[in-house]
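The next block holds one structure in the form of structure tokens; read it before the comments.
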Amino acid sequence: MQELIRVVILAIVQGIAEFLPISSSGHLVILGSMLGELGESVTLEIILHAGTLGSILVVFWQRIWALLLKDRRVIGLLVIGTLPAVVIGLTIKTQFPEILRSPLLAGAMLIVTGVMLIVLGRLTPKSGTYDRLGLGAAFLVGCFQAFAILPGISRSGSTILGGRLMGLDRDDSVTFSFLLAIPAILGATVLAIKDLLEDGSSGETSIEVLLIGAAVAFAVGIVALKWLIRWSREDRLHWFAYWCIPAGLLVVLLNLR
């Protein structure tokens, strides 16, 4: 029962923070330092990512279907936009893996996320659409996504900001952000599977508990994603800065003691 409660808590955090601009990686690192490191079960990490990936596929299935049928140029934009995260992500994972589990860094980067959200709230609305995005612009949005490899930097917040800076309107900046998330989350899942195969251990979490965790992350993710879409249209995403900055300051202070 204790393991089930732990997995459900982590799944709820993953489902909320993966989509709302408050950084799932940062919250999981911080929460992991309190509840026990996520690294003890790479399988759990895979399952939670799979649950949130399912949320994206459900909410954006029409856009994804359109990509396959008529908007195939956007697939190329997603490939270009994914390259920075691949290069920087693999470099950090292989050369500096310890920073990905640092609560102090996560706290500091939460403050940075809060500042980015405040900047986002001050941007003048534009009317660009993601299907007309240039290759260079797609690459720059991808650089914002690569920055979010650091724990505490919100992937959704940074890529939505990047899209808005490239001239996308509110809806299309959100859509491109989460289309870009599909290869990013798939890539993270593949790397986690690789680690699992190399480690040879799936941890002690039962398959039933893992499935419950996936279902919770999936359901919570759908709610959180629809919440983000609605708040983006209402230009209220900067409100999340009032969570990120105080939470980041608290984590930094506690870890400097």
Side-chain angles (χ1 to χ4, degrees), residues 5-39 41 44-56 58-60 85 89 100-118 120 144-145 147-161 174 177-178 180-182 184-185 187-189 192 213-232 236-252:
I5 293 173
R6 173 180 172 274
V7 169
V8 168
I9 290 174
L10 292 172
I12 291 172
V13 172
Q14 173 74 12
I16 293 174
E18 181 69 43
F19 301 124
L20 300 185
I22 58 175
S23 177
S24 63
S25 62
H27 280 75
L28 289 175
V29 166
I30 295 165
L31 195 60
S33 68
M34 298 165 57
L35 298 178
E37 288 293 338
L38 271 177
S41 176
L44 177 58
E45 183 178 346
I46 296 170
I47 288 294
L48 296 183
H49 275 105
T52 50
L53 178 59
S55 304
I56 297 175
V58 167
V59 173
F60 289 105
L100 299 178
R101 296 296 180 190
S102 169
L104 178 59
L105 179 62
M109 293 301 101
L110 275 177
I111 299 171
V112 175
T113 290
V115 173
M116 288 196 300
L117 293 175
I118 292 173
L120 178 63
F144 278 85
Q145 177 166 261
F147 184 40
I149 290 167
L150 296 176
I153 296 295
S154 165
R155 196 211 64 83
S156 63
S158 59
T159 51
I160 290 171
L161 174 61
V174 171
S177 169
F178 287 103
L180 203 58
I182 295 174
I185 295 176
T189 303
V216 171
F218 171 74
V220 172
I222 289 177
V223 174
L225 190 45
K226 290 184 176 181
W227 180 4
L228 179 134
I229 292 170
R230 184 175 69 251
W231 273 34
S232 177
R236 290 196 286 177
L237 291 185
H238 60 283
W239 287 16
F240 288 106
Y242 296 111
W243 167 262
C244 291
I245 293 176
L249 287 171
L250 178 60
V251 171
V252 168

Taking all non-hydrogen atoms of both residues, which atom of Pro151 and which atom of Val29 are closest, and how far apart? CB-CG2, 4.1 Å
Quick one: CG on Leu161 to CG on Leu120, what's the gap to the nearest 0.5 Å? 5.5 Å
Check the angle between the aromatic planes of Trp231 and Trp239 and answer parallel, tilted or perpendicular using the 30° and 60° thresholds. perpendicular
Lys/Arg cation over aromatic Phe144: Arg155, 6.0 Å, 45° cone: no
Would you indicate whether the side-chain heavy atoms of Pro21 and Ile160 approach each other to under 4.5 Å? no
How long is the straight-line distance from OG of Ser156 back to CD of Gln145, given to the nearest 0.5 Å? 10.5 Å
Mind listing the closest non-hydrogen atom pair of Ala11 and Gly213 along with its distance? CB-O, 3.3 Å
Are the side chains of Ile245 and Leu110 in contact, using a 4.5 Å heavy-atom criterion? no
Sole residue of Glu18, Arg101, Gln14 in side chain to side chain contact (heavy atoms under 4.5 Å, CB included) with Leu28: Gln14
Flag side-chain contact, heavy atom, 4.5 Å: Trp227 against Phe19: no
Distance from Leu10 atom CG to Leu31 atom CG, nearest 0.5 Å? 5.5 Å
Verify, without hydrogens or angle tests, whether Ser232 (side chain) and Leu228 (backbone) share a donor-acceptor contact under 3.5 angstrom. no
Shortest non-hydrogen separation from Gly152 to Ser23 and the atoms involved: N-OG, 3.1 Å
Do you know which two heavy atoms are closest between Ser55 and Ala217, and how far apart they sit? OG-O, 3.8 Å
Step by step, work out the side-chain contact (heavy atoms from CB on, under 4.5 Å) result for Val13 and Val220. CA-CA 9 Å; Val13 172; Val220 172; over 6 Å; no
To check you understand the geometry: which heavy-atom pair defines the closest contact between His49 and Ile185, and what is its length? O-CG2, 3.7 Å
Between Ser177 and Thr159, is there a donor-acceptor pair closer than 3.5 Å when you use the side chain of the first and the backbone of the second? no
Show, in sequence, the C-alpha distance, side-chain angles and deciding distance for Phe147 and Met116, and conclude whether the side-chain contact (heavy atoms from CB on, under 4.5 Å) test is met. CA-CA 12 Å; Phe147 184 40; Met116 288 196 300; 4.3 Å; yes
Stepwise side-chain contact (heavy atoms from CB on, under 4.5 Å) test for Val59 and Ile229: CA-CA 10 Å; Val59 173; Ile229 292 170; 4.0 Å; yes
Counting only N and O atoms by type, is there a donor-acceptor contact under 3.5 Å from the side chain of His27 to the main-chain atoms of Ile22? yes
Quick check: does any side chain N or O of Thr52 sit under 3.5 Å from a backbone N or O of Gly15, one acting as donor and the other as acceptor? no
Rounded to the nearest 0.5 Å, how far does CG of Leu48 lie from CG of Leu53? 12.5 Å
Would you find a donor on one side and an acceptor on the other, under 3.5 Å apart, between the side chain of Ser154 and the backbone of Thr113? no
Please lay out, stage by stage, how Val58 and Phe218 fare under the test side-chain contact (heavy atoms from CB on, under 4.5 Å). CA-CA 10 Å; Val58 167; Phe218 171 74; 3.7 Å; yes
Starting at OG of Ser25, measure out to CD1 of Ile153 and round the result to the nearest 0.5 Å. 8.5 Å
Distance col, row Leu225:CG vs Ile222:CD1, nearest 0.5 angstrom, shows 8.5 Å
